[in-house]
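Worksheet: one structure, shown below.
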Amino acid sequence: MKRNKITIGCLSVIGVALGLFLLLNWLMFGDHSTYKSGLDKYEYLPTTASDINVFTNLNLANIFICDFSMKEPEFKVFAQSNSWDVREIESPKELFTATSFNNKQTHIKHKIKNGLYYKISHRNNGGISVAYDRDNGRGYIFRSSR
(Lines give C-alpha, C1' and ligand atoms only; values in the text may rest on other atoms or scores of the structure.)
Protein backbone atom coordinates (compact mmCIF):
# COMPACT_ATOMS: atom_id res chain seq x y z
CA MET A 1 0.00 0.00 0.00
CA LYS A 2 2.78 2.42 0.95
CA ARG A 3 4.67 1.37 -2.19
CA ASN A 4 1.63 2.26 -4.36
CA LYS A 5 1.43 5.76 -2.84
CA ILE A 6 5.13 6.34 -3.52
CA THR A 7 4.74 5.09 -7.11
CA ILE A 8 1.68 7.30 -7.69
CA GLY A 9 3.49 10.28 -6.13
CA CYS A 10 6.58 9.78 -8.33
CA LEU A 11 4.46 9.35 -11.46
CA SER A 12 2.51 12.50 -10.59
CA VAL A 13 5.70 14.54 -10.19
CA ILE A 14 7.05 13.18 -13.48
CA GLY A 15 3.73 13.91 -15.23
CA VAL A 16 3.61 17.50 -13.96
CA ALA A 17 7.27 18.08 -14.89
CA LEU A 18 6.69 16.65 -18.37
CA GLY A 19 3.58 18.81 -18.81
CA LEU A 20 5.46 21.95 -17.78
CA PHE A 21 8.34 21.06 -20.12
CA LEU A 22 5.96 20.59 -23.05
CA LEU A 23 4.14 23.84 -22.27
CA LEU A 24 7.39 25.78 -22.04
CA ASN A 25 8.62 24.19 -25.28
CA TRP A 26 5.39 25.18 -27.06
CA LEU A 27 5.57 28.75 -25.73
CA MET A 28 9.21 29.19 -26.77
CA PHE A 29 9.30 27.38 -30.11
CA GLY A 30 5.68 26.96 -31.22
CA ASP A 31 4.08 28.70 -34.15
CA HIS A 32 2.27 31.73 -32.71
CA SER A 33 2.19 33.57 -36.01
CA THR A 34 -0.31 36.00 -37.42
CA TYR A 35 -0.50 37.48 -40.90
CA LYS A 36 -2.49 40.48 -42.07
CA SER A 37 -2.52 41.73 -45.63
CA GLY A 38 -3.71 44.89 -47.36
CA LEU A 39 -4.16 46.92 -44.17
CA ASP A 40 -4.86 50.65 -44.39
CA LYS A 41 -3.09 51.34 -41.09
CA TYR A 42 -1.00 49.58 -38.46
CA GLU A 43 -0.24 50.84 -34.99
CA TYR A 44 3.56 50.84 -35.37
CA LEU A 45 3.60 52.65 -38.71
CA PRO A 46 2.87 56.25 -39.62
CA THR A 47 -0.60 57.12 -40.89
CA THR A 48 0.93 57.82 -44.30
CA ALA A 49 1.70 54.10 -44.78
CA SER A 50 -0.77 52.10 -46.87
CA ASP A 51 -1.21 48.65 -48.41
CA ILE A 52 0.43 47.17 -45.33
CA ASN A 53 1.34 43.48 -44.96
CA VAL A 54 2.38 42.25 -41.50
CA PHE A 55 3.70 38.91 -40.24
CA THR A 56 4.45 38.35 -36.56
CA ASN A 57 5.48 35.30 -34.60
CA LEU A 58 5.53 35.89 -30.86
CA ASN A 59 7.63 32.90 -29.86
CA LEU A 60 11.25 33.07 -28.68
CA ALA A 61 12.40 34.59 -31.99
CA ASN A 62 9.78 37.37 -31.71
CA ILE A 63 9.70 37.98 -35.46
CA PHE A 64 8.10 41.10 -36.93
CA ILE A 65 8.04 41.59 -40.69
CA CYS A 66 6.14 44.24 -42.59
CA ASP A 67 6.13 45.88 -45.96
CA PHE A 68 4.11 48.93 -46.90
CA SER A 69 3.67 51.68 -49.46
CA MET A 70 4.95 55.12 -48.55
CA LYS A 71 6.61 58.08 -50.22
CA GLU A 72 10.36 58.33 -49.71
CA PRO A 73 10.42 61.64 -47.77
CA GLU A 74 7.86 60.23 -45.31
CA PHE A 75 9.91 57.04 -44.98
CA LYS A 76 13.02 59.06 -44.16
CA VAL A 77 11.16 60.92 -41.41
CA PHE A 78 9.83 57.60 -40.06
CA ALA A 79 13.32 56.07 -40.09
CA GLN A 80 14.84 59.09 -38.38
CA SER A 81 12.15 59.02 -35.66
CA ASN A 82 13.22 55.43 -34.90
CA SER A 83 16.97 56.24 -34.98
CA TRP A 84 17.49 54.14 -38.12
CA ASP A 85 20.34 55.74 -40.00
CA VAL A 86 19.23 54.67 -43.49
CA ARG A 87 21.87 55.02 -46.20
CA GLU A 88 21.96 54.72 -49.96
CA ILE A 89 22.15 51.12 -51.13
CA GLU A 90 25.53 50.48 -52.73
CA SER A 91 25.03 46.79 -53.49
CA PRO A 92 21.73 44.85 -53.80
CA LYS A 93 20.05 43.95 -50.50
CA GLU A 94 17.56 41.16 -49.89
CA LEU A 95 14.83 41.30 -47.27
CA PHE A 96 12.11 38.94 -46.15
CA THR A 97 8.55 39.92 -46.92
CA ALA A 98 5.52 39.25 -44.74
CA THR A 99 3.86 37.26 -47.50
CA SER A 100 6.80 34.94 -48.20
CA PHE A 101 7.26 34.27 -44.48
CA ASN A 102 3.56 33.56 -44.04
CA ASN A 103 3.64 31.13 -46.97
CA LYS A 104 6.69 29.42 -45.40
CA GLN A 105 8.77 30.44 -48.41
CA THR A 106 11.62 31.93 -46.41
CA HIS A 107 14.01 31.30 -49.29
CA ILE A 108 12.17 33.97 -51.30
CA LYS A 109 13.33 37.49 -50.49
CA HIS A 110 12.69 40.87 -52.05
CA LYS A 111 15.80 42.28 -53.75
CA ILE A 112 16.37 46.02 -53.58
CA LYS A 113 18.88 47.67 -55.87
CA ASN A 114 17.78 51.30 -55.69
CA GLY A 115 16.88 52.72 -52.32
CA LEU A 116 17.80 53.11 -48.67
CA TYR A 117 18.99 50.53 -46.15
CA TYR A 118 19.81 50.15 -42.47
CA LYS A 119 20.77 47.06 -40.52
CA ILE A 120 21.92 46.30 -37.02
CA SER A 121 22.73 42.77 -35.88
CA HIS A 122 23.25 41.40 -32.40
CA ARG A 123 25.53 38.57 -31.33
CA ASN A 124 22.53 36.24 -30.85
CA ASN A 125 21.59 36.76 -34.55
CA GLY A 126 18.75 39.10 -33.66
CA GLY A 127 18.46 42.62 -34.96
CA ILE A 128 16.60 44.76 -37.41
CA SER A 129 16.80 45.44 -41.14
CA VAL A 130 14.97 48.40 -42.64
CA ALA A 131 14.85 49.32 -46.31
CA TYR A 132 13.07 51.49 -48.82
CA ASP A 133 12.72 50.40 -52.45
CA ARG A 134 12.48 53.41 -54.76
CA ASP A 135 11.45 51.23 -57.69
CA ASN A 136 8.17 50.19 -56.08
CA GLY A 137 7.74 52.90 -53.41
CA ARG A 138 7.64 50.39 -50.52
CA GLY A 139 9.27 50.19 -47.12
CA TYR A 140 10.41 46.92 -45.54
CA ILE A 141 11.10 46.06 -41.91
CA PHE A 142 12.42 42.79 -40.52
CA ARG A 143 13.01 42.50 -36.77
CA SER A 144 13.90 39.44 -34.73
CA SER A 145 15.14 38.96 -31.19
CA ARG A 146 17.11 35.84 -32.28
Side-chain angles (χ1 to χ4, degrees), residues 7-146:
T7 302
I8 291 172
C10 288
L11 290 175
S12 296
V13 169
I14 291 170
V16 168
L18 180 61
L20 288 173
F21 172 77
L22 292 174
L23 177 64
L24 184 60
N25 190 39
W26 177 76
L27 288 172
M28 289 174 40
F29 304 110
D31 182 4
H32 307 289
S33 62
T34 61
Y35 173 72
K36 296 177 182 171
S37 177
L39 300 174
D40 293 327
K41 61 182 178 177
Y42 190 72
E43 64 183 309
Y44 300 113
L45 296 175
T47 56
T48 54
S50 62
D51 189 23
I52 303 164
N53 301 314
V54 178
F55 175 89
T56 60
N57 194 350
L58 301 178
N59 61 10
L60 186 64
N62 195 26
I63 295 172
F64 172 80
I65 306 170
C66 74
D67 53 272
F68 49 92
S69 294
M70 179 182 277
K71 293 181 180 173
E72 184 175 345
E74 296 162 347
F75 180 83
K76 287 180 177 179
V77 169
F78 173 57
Q80 186 177 29
S81 71
N82 284 282
S83 300
W84 300 328
D85 186 21
V86 292
R87 307 269 174 132
E88 289 292 324
I89 291 177
E90 296 176 4
S91 61
K93 304 295 181 189
E94 293 184 341
L95 278 94
F96 292 112
T97 65
T99 303
S100 65
F101 233 78
N102 182 59
N103 293 335
K104 308 218 182 317
Q105 297 174 324
T106 56
H107 61 286
I108 298 174
K109 296 180 181 178
H110 179 73
K111 185 179 271 188
I112 302 173
K113 297 177 183 176
N114 176 26
L116 304 169
Y117 185 73
Y118 168 81
K119 180 177 184 175
I120 187 165
S121 299
H122 303 297
R123 292 187 333 172
N124 68 351
N125 292 325
I128 187 166
S129 299
V130 178
Y132 184 80
D133 187 344
R134 287 189 182 111
D135 294 336
N136 67 6
R138 291 187 69 77
Y140 298 83
I141 300 173
F142 174 83
R143 186 190 70 225
S144 173
S145 60
R146 299 197 59 76

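This one's a predicted model, so the numbers in the text were calculated from it and none came from an experiment. Quick note: residue numbers are just sequence positions, from 1.
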Just verifying a value: how many Å separate [X] [atom1] and [Y] [atom2], rounded to the nearest 0.5 Å?
X: W84; Y: I128; atom1: CH2; atom2: CD1; result: 4.5 Å
X: F142; Y: E94; atom1: CZ; atom2: CD; result: 13.5 Å
X: I120; Y: D85; atom1: CD1; atom2: CG; result: 10.5 Å

Looking at every heavy atom in both [X] and [Y], which two are closest together, and how far apart are they?
X: A79; Y: V86; answer: CB-CG1, 3.9 Å
X: Y132; Y: E72; answer: OH-N, 3.2 Å
X: I108; Y: S100; answer: O-OG, 3.2 Å
X: G139; Y: F75; answer: CA-CE1, 4.0 Å
X: P46; Y: M70; answer: CG-CE, 3.6 Å
X: A49; Y: L45; answer: CB-CB, 4.1 Å

Taking side chain as C-beta onward, heavy atoms only, is I112 less than 4.5 Å from L95?
->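 Heavy-atom side-chain distance check passes, below 4.5 Å.
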
Using a 4.5 Å cut-off on heavy atoms from C-beta on, say whether the side chain of L116 contacts that of R134.
-> yes

Any side-chain donor paired with an acceptor under 3.5 Å for H110 and D67?
->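 No.
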
Any side-chain donor-acceptor pair under 3.5 Å between S50 and S69?
-> no

Would you find more than 12 non-hydrogen atoms of other residues, nucleotides or ligands less than 6.0 Å from [X] atom [atom1]?
X: D40; atom1: CG; result: no
X: E90; atom1: CD; result: no
X: Q80; atom1: CD; result: no

With respect to Y35, which candidate in T56, T99, V54, N57 satisfies the side chain to side chain contact (heavy atoms under 4.5 Å, CB included) definition?
-> T99

For D51, does its backbone N or O pair with a side-chain atom of R138 as donor and acceptor, under 3.5 Å?
-> yes

Chi angles and distances behind the side chain to side chain contact (heavy atoms under 4.5 Å, CB included) call for Y118, N82 | CA-CA 11 Å; Y118 168 81; N82 284 282; over 6 Å; no

Quick one: sort the F78 and F68 rings into parallel, tilted or perpendicular, breaks at 30° and 60°.
-> perpendicular

